[in-house]
Amino acid sequence: MGDDEVSDLKQFSVKDKVALTRKRENTEQMKLENSKKRKVKEPNQTSRGRCGEDQQCLKEESTFSISKENPGQGSVTIRWEEEKSQDGVKWKQLEHKGPYFAPSYEPLPDGVHFYYDGKPVKLSLAAEEVATFYGKMLDHEYTTKEVFQNNFFSDWRKEMTAEERKIIKHLDKCDFTEIHRYFVDKTAARKALSREEKQKLKEEAEKLQQEFGYCTLDGHREKIGNFKTEPPGLFRGRGDHPKMGMLKRRILPEDVTINCSRDSKIPEPPAGHQWKEVRSDNTVTWLASWTENIQNSIKYVMLNPSSKLKGEKDWQKYEVARRLKGVVDEIRSQYRADWKSREMKKRQCAVALYFIDKLALRAGNEKEEGETADTVGCCSLRVEHIQLYPEADGCQHVVELDFLGKDSIRYYNRVPVERPVYKNLQLFMENKSRGDDLFDRLTTTSLNKHLQDLMDGLTAKVFRTYNASVTLQEQLRALTRAEDSVAAKILSYNRANRAVAILCNHQRATPKTFEKSMQNLQLKIEAKKKQVAEAKAELKQARAGHKSRGDDRSRSFLEKRERLLEKLEEQLMRLSTQATDKEESKQVALGTSKLNYLDPRISVAWCKRFGVPVERIYNKTQRESFQVCGSRGSSHTSAHPDRTGRR
DNA sequence: TGGTTTACTTAGCACACCGAGA
DNA sequence: TCTCGGTGTGCTAAGTAAACCA
């Protein structure tokens, strides 16, 4: 299957997107009308007014409104504002053991050969190591790609001795199959280890985690997110990445900069080595860094999301989104007015902002050509990425967007836009060729500068967070029914979550095992249906028996049958719900939005209101990240560090 | 002002792990 | 006890955006 076909399969149906956009538009229209009716009011009063119509809604809404209005939360904002003013100081004391280095290369056993042109060739250690990188990936699609093959071969030859280079001249004459088989067998052997052996490995990993996986930050033991250096291998760039297959070098202590406090115990480099640099910069949160050789970018060792530092940053993100809620109507009026501006730059900015707000597009920074896959975001859209239709699908002024976004995931959407937007797009496309920038007067920097003027801390990214959280809230309100079972409520939650994922274009490949596991689930459903039918027949008989005999024994039997039927029907319902959920989620990645875009306070408030245990929505790690404490039906919303800082 | 660098968040994939059910 | 399949976790690429610099 070609890449284009994969992309085709991976796009959401336009119907999903159109339905979602319309739902959001209706809400927006209502809000606009309401705000017109109210005329001039403080922004936060506007948002409260809408919600005040429904007491329960007010409670939920308060989880996503300006913190000044929430007793007790104002202090949190103030505390962080205070911290921010301290010249960006992130910590006072930081101590750690440095990164854990990838194990050195273990040569292949004598019985495993590499063949060139049918003849075994004993490779030098360096060349052999790189050959194993390729051999391991033999059953991966990457190795079928020409760019991957060429980059690999070119970098591999650099690792060869002059002798080897003389022999090995063409990749298609190389035979890595023995190497491949060796690693497949090794994986199988690892899987087949005894319980005790596996336990031993687990204990060793845990020991490593305990030794290198934690640091001390301002006197608190914090978990590190990635304490191991990235092992060498072949670069796996996504989409049509021009550098895929290139050799990712092994990271040595000499490449690593350590960041820790001056008075702490400086981590020891591995024996015989030294660090590139040891510094003490408390305005940054990273513990160690190095520059990787593929794109010359810096890689960092950072804290785990469960850490105080990350938690606070996350909380701040949602606070900014909450502040946006208070001014979003005003911003929308502003960009609508700017659609008619005499200044081209202003018009482009206003139209781009409309896309970012309405379609939750990413900002779209400029990228260096030829260095990465050709992907775009809003500001970097080109003429070739949009099509205009005066009329389509029964709507006027339809725009079709078709481009590759982050991770080369295709964004495809057909959406009716307001007339001035349509007219402006026609104008922006005039006298341009397909490869020209649609918004040629606009950059993400200028857009963000404009947003900064509208609201302190506002950037393009905030609109995604804001619209994602608002969508979740609206969908939860529309879909949840108090009388539903917990399973049905969770289905509603997943549907709301899914609406957000579709809005943000979070896609995933259909799991390889999907068809099979779906088939098995259907079989289970059929079997359960049969059981229900049988139980119904038995119940009927039991009723007749009790009617004719009327004794205690027949009554007891009847009650048992009733309970059995009830149980089976519930099981059937649960299976059907599971099947629906599974089918609807097969190509949608729910985790990304749940983890990065949805204010946990909304989910926790929903759990609390509808008696759904928080642990059914957030797993252990997610609860740790958000500091959400789970308790059946009465979950409290300490979604983040407490007001005084530590949890 | 515009290019570059740095620091951080967001993203999907692969695979290990673990529990349910046969 | 074994198998299957879902979930959780680790990994690292790919974004955003601010700071820096000439």
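Convention: sequence-line order gives letters A, B, ...; per-chain numbering from 1.
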- Electrostatic pair A/Glu129:A/Arg250 at N-O distance under 4.0 angstrom: yes

- Message: Would you say CD of A/Glu106 has more than 12 non-hydrogen atoms from neighbouring residues, nucleotides or ligands within 6.0 angstrom?
- Response: no

- Do A/Tyr618 and A/Ser603 have side-chain N/O donor and acceptor atoms under 3.5 Å apart? yes

- Given DNA chain B, 5'-ward residue of the pair A/Arg236 and A/Asn296, judged by closest heavy atom: A/Asn296

- Message: Applying a 4.0 Å non-hydrogen cut-off, can you work out what A/Thr375 is touching in the nucleic acid: base, sugar-phosphate, or nothing?
- Response: sugar-phosphate

- Using a heavy-atom cut-off of under 4.0 Å over every strand shown, decide if A/Ala373 touches base, sugar-phosphate, or nothing. nothing

- Is it the case that more than 12 heavy atoms not belonging to A/Lys276 sit under 6.0 Å from its NZ atom? no

- Task: Please find out if less than 6.0 Å separates the ring center of A/Phe227 from that of A/His96.
- Result: no

- To the nearest angstrom, how far is A/Leu201 atom CG from B/dA16 atom P? 12 Å

- Query: In whole angstrom, what separates A/Arg238's CZ from B/dA14's P?
  - Reply: 9 Å

- Could you state the CD-C1' distance from A/Gln622 to C/dG8, rounded to the nearest angstrom? 9 Å

- Item | Distance, rounded to the nearest Å, where A/Lys449 contributes NZ and B/dG2 contributes C1' | 12 Å

- May I ask you to evaluate whether A/His140 reaches the phosphate of B/dA14, defined as a side-chain N or O under 4.0 Å from OP1 or OP2? yes

- Message: Distance check needed: C/dA18 C1' versus A/Asp456 CG, whole Å only.
- Response: 14 Å

- Query: Expressed in angstrom and rounded to an integer, what is the separation of A/Gln199 atom CD from B/dA16 atom C1'?
  - Reply: 14 Å

- Query: Does A/Thr444 put a side-chain nitrogen or oxygen below 4.0 Å from OP1 or OP2 of C/dT16?
  - Reply: no

- Task: Just call it for A/Pro305: base, sugar-phosphate, or nothing, with non-hydrogen atoms closer than 4.0 Å on any strand.
- Result: nothing

- Would you call A/Lys202-A/Glu206 a salt bridge at under 4.0 Å N-O? no

- Message: Does A/Lys248 reach a base, just sugar-phosphate, or nothing at all? Heavy atoms under 4.0 Å.
- Response: sugar-phosphate

- For A/Asn365, report the nucleic acid contact type (base, sugar-phosphate, nothing); a contact means any heavy atom under 4.0 Å. base

- Name the nucleic acid region contacted by A/Gly591, choosing base, sugar-phosphate or nothing; use a 4.0 angstrom heavy-atom cut-off, strictly under. nothing

- Query: Does a nitrogen or oxygen in the side chain of A/Asn619 sit under 4.0 Å from OP1 or OP2 of C/dT7?
  - Reply: no

- Proximal nucleotide (of C/dG15, B/dA16, B/dC13) relative to the A/Lys367 side chain: C/dG15

- Query: When we call it a touch if two heavy atoms are under 4.0 Å apart, what does A/Gly364 touch: a base, just sugar-phosphate, or nothing?
  - Reply: sugar-phosphate

What protein N or O atoms touch nucleotides 8-10 of chain B N or O atoms at under 3.5 angstrom, if any, and at what distances?
from: B/dC8; atom 1: OP1; to: A/Thr285; atom 2: N; distance (Å): 3.4
from: B/dC8; atom 1: OP2; to: A/Thr285; atom 2: N; distance (Å): 3.0
from: B/dC8; atom 1: OP2; to: A/Thr285; atom 2: OG1; distance (Å): 3.1
from: B/dC8; atom 1: O5'; to: A/Thr285; atom 2: OG1; distance (Å): 3.3
from: B/dT9; atom 1: OP2; to: A/Lys310; atom 2: NZ; distance (Å): 2.3
from: B/dT9; atom 1: O3'; to: A/Lys461; atom 2: NZ; distance (Å): 3.3
from: B/dT10; atom 1: OP1; to: A/Lys461; atom 2: NZ; distance (Å): 3.2
from: B/dT10; atom 1: OP2; to: A/Lys317; atom 2: NZ; distance (Å): 2.9
from: B/dT10; atom 1: O3'; to: A/Tyr597; atom 2: OH; distance (Å): 3.1
from: B/dT10; atom 1: O2; to: A/Lys406; atom 2: NZ; distance (Å): 2.6

- Query: Would one find more than 12 heavy atoms of other residues, nucleotides or ligands at under 6.0 Å from atom NZ of A/Lys198?
  - Reply: yes

Between the protein and nucleotides 17-21 of chain B, which nitrogen or oxygen pairs come in under 3.5 angstrom?
from: B/dC18; atom 1: OP1; to: A/Lys202; atom 2: NZ; distance (Å): 2.8

- Can you check the A/Leu590 CG to B/dC13 P distance for me, whole Å? 14 Å

- Task: Verify the contact: side-chain N or O of A/Gln295 to OP1 or OP2 of C/dA13, cut-off strictly under 4.0 Å; return yes or no.
- Result: no

- Item | Nearest-nucleotide 5' precedence on DNA chain C, A/Lys620 against A/Leu458 | A/Lys620

- Query: Salt bridge check: are A/Glu211 and A/Lys97 linked by an N-O gap of less than 4.0 Å?
  - Reply: yes

- Atom CZ of A/Phe227 to atom P of C/dT12: distance rounded to whole Å? 12 Å

- Item | A/Glu343/A/Lys345 ion pair, N-O < 4.0 Å | no

- Query: Does A/Lys90 NZ have over 12 foreign heavy atoms under 6.0 Å away?
  - Reply: yes

- Under 4.0 Å between a side-chain N/O of A/Asn226 and OP1 or OP2 of C/dC11, yes or no? no

- Item | Which residue lies more 5' along DNA chain B, comparing A/Thr187 with A/Asp281 via nearest heavy atoms | A/Asp281

- Message: Check this one for me: any side-chain N or O of A/Lys299 less than 4.0 Å away from OP1 or OP2 of C/dA13?
- Response: yes

- Item | Pair A/Lys207 + A/Glu204: basic N to acidic O under 4.0 Å | no

